[in-house]
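Everything on this sheet refers to the single structure shown next.
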Amino acid sequence: MTKPVRVRFAPSPTGNLHIGGARTAIYNWAFAKKHGGTFVLRIEDTDPERSTEANTQQIQRSLRWLGLQWDEGPGVGGSFGPYQQTQRFDTYGKALEQLKATGAVYPCFCTADELAAKRDAGMAAQSFTGYDRSCRGIDAGEAQRRIDAGEPHTWRLKVPLDHGPVVFDDLVFGNTSFPIEQLDDFILMRSDGTPTYNYVVCIDDASMQITHVIRGDDHLSNTPKQILVYEALGAPIPQFAHLSMILGGDGKRLSKRHGATSVEAYQERGFFPQALLNYLALLGWSLDGETTLFDAATLAANFSLERVSKNPAVFDETKLNWVNSRYLKEMGAPAFIDALLPYLQQTGFTRAGKVLWGIKKDPSGEAPDAVHALSGEPATPDEVAVDVAAERSWYEGIYPLVAERVKTLDEVCPLIAYLFSGPTVALDQKSVEKCLQKEGIKAVLDHVIQTLQDPTLVWEHAPIEDVLRLVPEKLGLKPKVVFQAVRVAVCGNMVSPPLFESLELLGSENTLARLSAARQLLVPCSS
RNA sequence: GGCCCGUUCGUCUAGCGGUUUAGGACACCGCCCUCUCAAGGCGGAGAUCGAGGGUUCGAAUCCCUUACGGGCUACCA
């Protein structure tokens with residue numbers, strides 16, 4: 001009979017949930033699901049300087065967004081709470097009393113300055129730099145007198161010198177061993193009465209009955225210390241699985257200077273949670289070495305720590321983009337428009353009634369020219385939402401135009417801006433020169449206008465294409481010449497989503513207005 | 001400095017002593033398709049498995065040494 005699996009993700013709310021933390025959470029979640037276990041969320045907020053409630057909330061939002069719902073923890077409760085360390089200080093105090101009673105700890109009266117000096121000396125001697133255990137030999141009675149006298153002191157673990165190497169079988173790294181003499185009598189309780197990380201993590205994992213500790217490998221070297229605490233406590237030692245870290249493109253630890261590192265940033269940039277989850281899962285784990293696309297359920301059903309890599313992985317946004325684009329191509333128009341709504345609202349694009357009208361407000365100034373050229377009063381998010389609801393099928397028509405052309409949602413609006421600028425469109429100068437200002441283009445536009453003015457023409461992309469294909473034939477021109485001219489005249493740029501579908505969405509009125517405008521441009525003196 | 005960990009195409013990885021002329025994916029290059037851009041199809045280039053020693057009939061796979069990278073060495077987590 002093996003105990004039911006209980007794992008935890010224990011972020012410290014000193015920032016947003018970042019890529020590395022998310023991957024740790026994903027593996028913990030998947031491991032729990034795979035074994036029918038419990039996934040616990042615990043907030044490690046013992047550092048009051050850097051921990052904030054806002055970060056605590058943000059981390060939870062990002063986890064939920066990724067679909068990693070915890071079974072126990074903040075917001076959902078559980079029978080091992082509270083799940084925030086700042087609310088568990090009495091537990092740490094009680095455990096310390098137990099350790100005092102068994103003589104596993106001792107008070108240390110060394111000051112921070114004294115410790116620093118000792119450390120420097122050890123460093124200079126090029127040897128062991130841990131605590132020299134000078135207070136370990138202080139007589140118990142004297143120690144008590146000094147404590148009673150109010151002398152500041154910390155509580156250190158009395159490392160059993162005759163212990164022999166601390167060994168454990170890491171589920172990722174395998175058998176790992178640390179010489180006992182390398183472990184110093186580290187502090188469990190600070191002089192201000194707050195507990196240290198290596199202490200509380202043991203108390204919490206023990207009292208929450210965590211069976212598998214899956215965490216970053218920056219904790220690999222801390223593990224022997226923690227094992228000593230478990231032993232002093234007489235508590236069962238969980239299984240450990242350490243995860244190698246995620247690096248930036250330069251091989252250095254991933255940090256802000258590599259660009260976006262928070263889950264929230266990727267959410268804002270238009271990545272899908274399933275795609276991020278999928279990509280992150282692949283950073284250090286593989287399903288079978290062949291499969292790259294899978295959903296959360298497949299991950300949960302197949303996850304295994306044995307297949308977790310020991311090597312640090314470089315975070316490659318290009319591949320994330322590709323994974324995201326695959327999800328985008330599969331999702332279908334309804335889901336796409338739902339996901340796109342916030343971006344439309346931010347941009348202020350609306351399709352007010354029969355007249356298309358676009359408004360762009362881009363304070364960052366990073367949007368392409370086509371977007372900048374639009375002007376007018378921005379539509380409010382509510383107006384956009386109302387418009388999208390009212391013109392749902394029109395909006396869904398956008399999906400096939402962009403689904404194979406963008407990788408993330410934030411690329412969509414710049415690409416479709418021309419659909420929202422009504423009877424006029426901003427013309428890209430270079431495109432005009434290349435595709436419009438050429439011999440014979442005026443005649444082309446005349447033919448196109450005439451053709452499209454046919455009142456019997458059904459304004460849908462297939463019939464539009466059928467009649468327009470006749471134009472180059474009649475004029476003895478290459479189709480490309482004709483269609484590129486129309487594209488620039490109507491879409492404003494020589495690069496755009498598919499032409500005939502665009503004309504359909506634009507409607508005959510706007511299409512013809514733009515064609516006429518372009519024709520005027522070519523013949524300034526003509527009325 | 002000490003201790004611990006890691007090292008397969010540019011990147012993520014498969015590989016757990018012979019089935020490997022080291023497989024897949026992203027990126028890259030070419031061709032096809034084509035109204036642009038994409039997408040898609042087909043094909044290509046790309047790792048002597050960090051290096052050097054062993055063990056073995058046989059090693060990317062086991063052992064040792066070394067180089068490089070990373071972590072811990074805090075009254076941070």
Side-chain angles (χ1 to χ4, degrees), chain A residues 10-12 14 44-47 49-51 85 108 110-112 115-116 119 122-130 152-156 170 173-174 176-179 181-184 186-192 194-198 200-201 216-225 242 244-245 247 249 251-253 279 282-286 288-293 306-307 309-323 325 329 402-407 415 431 435 465 468-469 472 478-488 491 493-500:
Chain A
S12 158
T14 55
E44 308 217 324
D45 54 354
T46 51
D47 181 356
E49 298 292 312
R50 300 190 296 153
S51 301
Q85 290 183 329
C108 170
C110 297
T111 65
L115 293 172
R119 192 163 46 245
M123 203 76 89
Q126 300 194 335
S127 64
F128 181 64
T129 57
H153 60 285
T154 61
W155 287 91
R156 291 182 180 271
D170 191 277
F173 284 89
T176 311
S177 171
F178 291 81
E181 56 278 9
Q182 285 297 321
L183 301 167
D184 73 351
F186 62 97
I187 293 171
L188 304 187
M189 194 66 80
R190 300 184 187 97
S191 54
D192 67 358
T194 61
T196 62
Y197 168 75
N198 280 311
V200 295
V201 74
D217 81 347
D218 44 338
H219 291 300
L220 192 61
S221 301
N222 286 325
T223 304
K225 298 179 192 175
H242 288 92
S244 59
M245 51 184 34
L247 311 174
K252 304 283 187 208
R253 189 179 186 145
Y279 175 70
L282 242 19
L283 233 43
W285 176 82
S286 62
D288 54 13
E290 307 276 298
T291 311
T292 49
L293 266 12
E306 285 164 30
R307 291 194 67 84
S309 167
K310 300 196 238 319
N311 312 352
V314 173
F315 183 76
D316 178 14
E317 204 172 287
T318 309
K319 187 154 181 175
L320 204 211
N321 269 309
W322 176 79
V323 172
S325 73
K329 258 184 285 188
V402 300
E404 288 171 353
R405 289 174 176 74
V406 297
K407 300 191 185 307
L415 201 60
S431 299
C435 302
E465 176 167 2
L468 285 187
R469 289 231 174 248
K478 284 184 177 174
K480 183 172 171 176
V481 175
V482 173
F483 297 142
Q484 282 297 80
V486 176
R487 183 189 307 284
V488 173
C491 305
N493 200 290
M494 56 196 284
V495 175
S496 84
L499 183 57
F500 310 112

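Letters A, B, ... mirror the listed sequences (proteins, then strands); counts begin at 1.
- For the residue pair A/Thr223 and A/His242, a side-chain donor N or O sits within less than 3.5 Å of a side-chain acceptor on the partner.
- In this structure B/C35 sits in no base pair that meets the Watson-Crick or G-U test at under 3.5 Å.
- Here B/U21 sits opposite no nucleotide as a Watson-Crick or G-U wobble pair (both hydrogen-bonding atom distances under 3.5 Å).
- Put simply, the side chain of A/Leu293 reaches to within 4.5 Å of the side chain of A/Trp322, judged on heavy atoms.
- Side-chain atoms of A/Val201 and A/Glu44, non-hydrogen and from C-beta on, do get closer than 4.5 Å to each other.
- At a cut-off of 3.5 angstrom, counting only N and O atoms as typed in the model, there is no donor on one side facing an acceptor on the other between the side-chain of A/Thr129 and the base of B/G2.
- Between A/His219 and A/Glu306, the residue whose closest nucleotide on RNA chain B is further toward the 5' end is A/Glu306.
- Between A/Tyr279 and A/Gln182, the one whose closest nucleotide on RNA chain B sits nearer the 5' end is A/Gln182.
- Remark: the A/Asp192 side chain and the A/Thr194 side chain contain an N/O donor-acceptor pair separated by less than 3.5 Å.
- Using Watson-Crick or G-U wobble geometry with both donor-acceptor distances under 3.5 Å, B/G1 finds its partner in B/U73.
- Within the 4.0 angstrom heavy-atom criterion, only backbone atoms of the sugar-phosphate kind lie near A/Thr196; the bases stay farther away.
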Spell out protein contact along nucleotides 21-29 of chain B as letters: B when the base is contacted, S when just the sugar-phosphate is, - when no protein heavy atom is under 4.0 Å; keep the 5' to 3' order. --BBBSS--

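- Using a 4.5 Å heavy-atom threshold, the side chains of A/Asp218 and A/Arg253 count as touching.
- When heavy atoms are screened at a 4.0 angstrom cut-off, A/Pro152 is found touching no nucleic acid atom at all.
- Remark: the separation of the C1' atoms in B/G41 and B/C33 is 8 Å, to the nearest Å.
- Between A/Arg119 and B/A74 there is a side-chain polar atom (N or O) within less than 4.0 angstrom of OP1 or OP2.
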What's the verdict on side-chain hydrogen bond (donor to acceptor under 3.5 Å, both in side chains) for A/Asn493 and A/Ser496, showing C-alpha distance, side-chain angles and the deciding distance? CA-CA 6 Å; A/Asn493 200 290; A/Ser496 84; over 6 Å; no

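- Here A/Thr176 does not reach the OP1 or OP2 of B/C5: none of its side-chain N or O atoms lies under 4.0 Å away.
- With both pairing distances under 3.5 Å, B/C68 is matched to B/G6 as a Watson-Crick or G-U wobble pair.
- Residue A/Asp218 places no side-chain atom within donor-acceptor reach of the base of B/A77, judged by atom type and a 3.5 Å distance cut-off alone.
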